[in-house]
Amino acid sequence: MATANVSNFAELKAAIEDATSTEIIVNGDITFSGGAKVNIAKSSIVIDFSGHTVIDSSSLSVSTTIYVPSTTNVISVTAKNAVWNGKNY
């Protein structure tokens, strides 16, 4: 299990989309500026927002969220300890 510490959306997106980070610890408030596609090489991912605020793009499109692409793999995604503002939660 590889842990990534992130402080902004670009770092969060990179950790979600890489093949190795399975635990992500968020160290600051995050404002989404796009989507983040979970890498299908992962079987699970846990994102701990550590009580920080997430402001999403308030879009109705799945591509502007944290999302799992169409796959036959089973992927467990856990997002915890977040204060979420927006429509995509």
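Pairs engaging residues 73-84 under the salt bridge (charged side-chain N to carboxylate O under 4.0 Å, His left out) rule: none recorded [sequence neighbours left out]. The salt bridge (charged side-chain N to carboxylate O under 4.0 Å, His left out) pairs that include a residue from residues 35-47 are D18-K42, where partners are two or more places apart or lie in different chains.
Nearest heavy-atom pair, G34 versus F9, reported as atom, atom and distance to 0.1 Å: O-CZ, 3.3 Å. Closest approach of F49 to A79, counting heavy atoms only: CE1-CB, 3.9 Å. Closest of all the heavy-atom pairs between A15 and S21 is O-CB, 3.5 Å.
Rounded to the nearest 0.5 angstrom, S7 OG and D29 CG are separated by 10.5 Å. For the atom pair OG (S50) and CD1 (I25), the distance works out to 6.5 Å, reported to the nearest 0.5 Å. With rounding to the nearest 0.5 Å, the separation of CG in D48 from CD1 in I24 is 10.5 Å. In this structure, the separation between CG on N85 and OG1 on T31 is 9.5 Å, given to the nearest 0.5 Å. Put simply, CD1 on I16 and OG1 on T22 are 12.5 Å apart, with the number rounded to the nearest 0.5 Å. Here the CG atom belonging to L12 is positioned 5.5 Å from the CD1 atom belonging to I66, to the nearest 0.5 angstrom.
At a threshold of 4.5 Å between side-chain heavy atoms, the hydrophobic network of Ile, Leu, Val, Met, Phe, Trp and Tyr places V77 and V26 in one connected group. Linking ILVMFWY side-chain heavy atoms closer than 4.5 Å, directly or via other members, places V38 and I40 in a single hydrophobic cluster.
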Worked verdict on T3 versus E23 for side-chain contact (heavy atoms from CB on, under 4.5 Å): CA-CA 5 Å; T3 300; E23 180 180 15; 3.2 Å; yes
N27 vs V6, test: side-chain contact (heavy atoms from CB on, under 4.5 Å). Steps then yes/no. CA-CA 6 Å; N27 296 312; V6 303; over 6 Å; no
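Taking the six-membered ring where the residue is Trp, W84 and F32 present tilted rings, their angle falling between 30° and 60°.
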